[in-house]
Amino acid sequence: MNLADSEEMAAHLQLRGYTKTENLDDADLVLVNTCTVRDHAEHRALSFLGRLRQWKREKCGRKIIFAGCAAQRLGNKLKKTFPQLDLVSGAKEIDGFAELLDASGFFPPETAAHAANTKETGVTGYVTIMRGCDFACSYCIVPSVRGPVQCLPSKDILAKAAQKANQGYPEIMLLGQTVNAWKELDKTFADLLNDVSALPHVQRVRFVSPHPAFITPQFLACVENNAKIARHIHLPVQSGSSKVLRDMKRGYTRETLLEKLDALKARGFAVSTDLIVGFPTETEEDFEDTLSLVQQAGFSAAYCFKYSPRAGTPAAQMPLLPEKTLEKRLNILLNKVKGLAEAAYGAQAGKKKEVLMETPNKGRTSDNFWAETKKSYTIGTIVCSEVDQAKGTLLLMRD
Ligand code: SAH
Ligand code: SF4
């Protein structure tokens with residue numbers, strides 16, 4: 001989501017004559033887009049901002065914009081601690097970013113003359129379809145920094161997806177905090193997926209992050225016969241213990257989760273996930289439940305996080321587990337996940353796959369395995385080939 005938001009903000013800056021650079025010394029402006037989901041993420045953004053003080057001093061006229069969720073949480077008081085900051089733009093202000101730039105008086109107005117080429121590299125076009133979150137997971141700061149759910153109109157989503165496909169992105173990724181909560185009157189998320197996949201030039205559709213609550217038999221029935229919908233789902237489960245899931249206020253149990261994971265697997269979806277270790281009420285036994293869920297589910301990949309208390313969330317009131325316990329559990333889980341990922345790659349040998357090329361000889365399969373081809377192909381094309389063997393977390397294809 002931050003990538004998509006960064007692209008959106010960058011497009012407004014490009015319309016004002018800015019071009020992108022990877023090199024800080026060449027830059028006249030730095031836009032820092034931030035995350036505040038965990039303390040560590042926020043801390044990194046702030047320490048980068050601290051280092052930009054010297055950068056700004058080195059050349060007259062340099063500007064700094066601090067945007068995103070940490071900007072939303074900390075607000076304009078940031079300017080007191082970081083006087084080098086020119087503009088703060090919170091995550092909720094993304095739709096009004098252009099107006100904010102105008103109001104600041106620091107930036108030239110937008111001109112169509114600069115609209116020439118704003119296509120990013122890569123094969124995936126990101127399309128935000130909803131913002132905010134109506135859940136209230138007890139550890140999570142997102143609802144307070146991003147606000148309640150706002151679904152974008154299907155008309156706008158389809159227009160944006162069509163534009164991305166015409167610009168040369170064969171893969172469309174639909175984005176939202178609980179992306180599959182999207183709805184519009186009697187139109188469901190599954191209907192939207194089918195509509196996006198039917199647009200000219202769209203080869204593949206992905207989405208992130210779905211919430212287990214909306215993975216229903218109806219949803220699966222609507223998408224299972226549409227091969228353009230990628231056979232991979234990133235479904236954050238957080239824990240394998242029903243007690244911890246209850247304390248996290250996730251709204252599902254281990255048992256209902258396993259039913260959904262089985263239904264996904266039965267339809268050929270590879271599943272990856274997010275997991276949190278060391279939630280305040282997590283005992284050794286609860287942690288074992290997470291390990292056994294991970295094993296049973298056979299996740300193809302997992303992002304594992306140490307629990308991070310976020311001010312203002314209900315869980316932040318609870319006493320923390322010792323840091324050593326978090327470290328230990330994280331390491332055990334990371335090892336387990338690595339083994340499972342390699343096993344998932346290993347199990348693909350001999351299977352036929354469609355690889356969407358991201359470089360001349362590397363790309364992703366529909367079920368989201370990273371694959372290397374023998375021959376070189378045009379970036380953005382889909383290559384059908386058989387998996388020869390897996391090398392760690394890379395599939396080696398026959399052609
Ligand atoms: N909306 C998505 C996740 C958004 S946050 C969902 O509900 O699935 C992305 C991930 O950050 C979460 O899946 C969770 O694993 C992690 N996360 C969120 N808050 C956290 C916290 N306080 N400590 C550690 N990890 C956290
Ligand atoms: Fe946070 Fe839960 Fe909403 Fe995901 S569903 S953004 S974890 S509150």
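Read the numbers this way: they start at 1 and go in the same order the structure lists the ligands and their atoms.
- Salt bridge Asp86/Lys79: absent, no basic N to carboxylate O contact under 4.0 Å.
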Which N or O atoms of ligand 1 sit under 3.5 Å from a protein N or O, and how far apart is each pair?
unit_1, atom_1, unit_2, atom_2, d
ligand 1, 1 (N), Gln177, O, 2.6
ligand 1, 1 (N), Gln177, OE1, 3.4
ligand 1, 7 (O), Arg250, NH1, 3.1
ligand 1, 13 (O), Gln238, NE2, 2.8
ligand 1, 13 (O), Asp274, OD2, 2.7
ligand 1, 15 (O), Gln238, OE1, 2.7
ligand 1, 22 (N), Tyr139, O, 3.0
ligand 1, 22 (N), Ser308, O, 2.7
ligand 1, 23 (N), Ser308, N, 2.9

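- Salt bridge present: Arg146 and Asp5 bring a charged side-chain N and a carboxylate O closer than 4.0 Å.
- Aromatic ring centres of His211 and Phe135 lie closer together than 6.0 Å.
- Under the 30°/60° scheme for interplanar angles, the aromatic rings of Tyr307 and Phe279 are found to stand perpendicular.
- Within 4.0 Å of ligand 2, contacts by protein heavy atoms are made from Cys133, Phe135, Cys137, Tyr139, Cys140, Val142, Pro143, Gln177, Thr178, His211, Arg250.
- A salt bridge between Arg329 and Glu284 is present, with a side-chain N of the basic residue lying under 4.0 Å from a carboxylate O of the acidic one.
- The aromatic ring centroids of Phe189 and Phe207 lie less than 6.0 Å from each other.
- With no hydrogens or angles considered, no side-chain donor-acceptor pair links Tyr18 and Arg16 at under 3.5 Å.
- Ion pair Glu42/Arg38 not flagged as a salt bridge, since none of the NZ, NE, NH1 or NH2 atoms sits closer than 4.0 Å to an Asp/Glu carboxylate oxygen.
- By the 4.0 Å N-to-carboxylate-O rule, Lys59 lies close enough to Asp28 to be salt-bridged with it.
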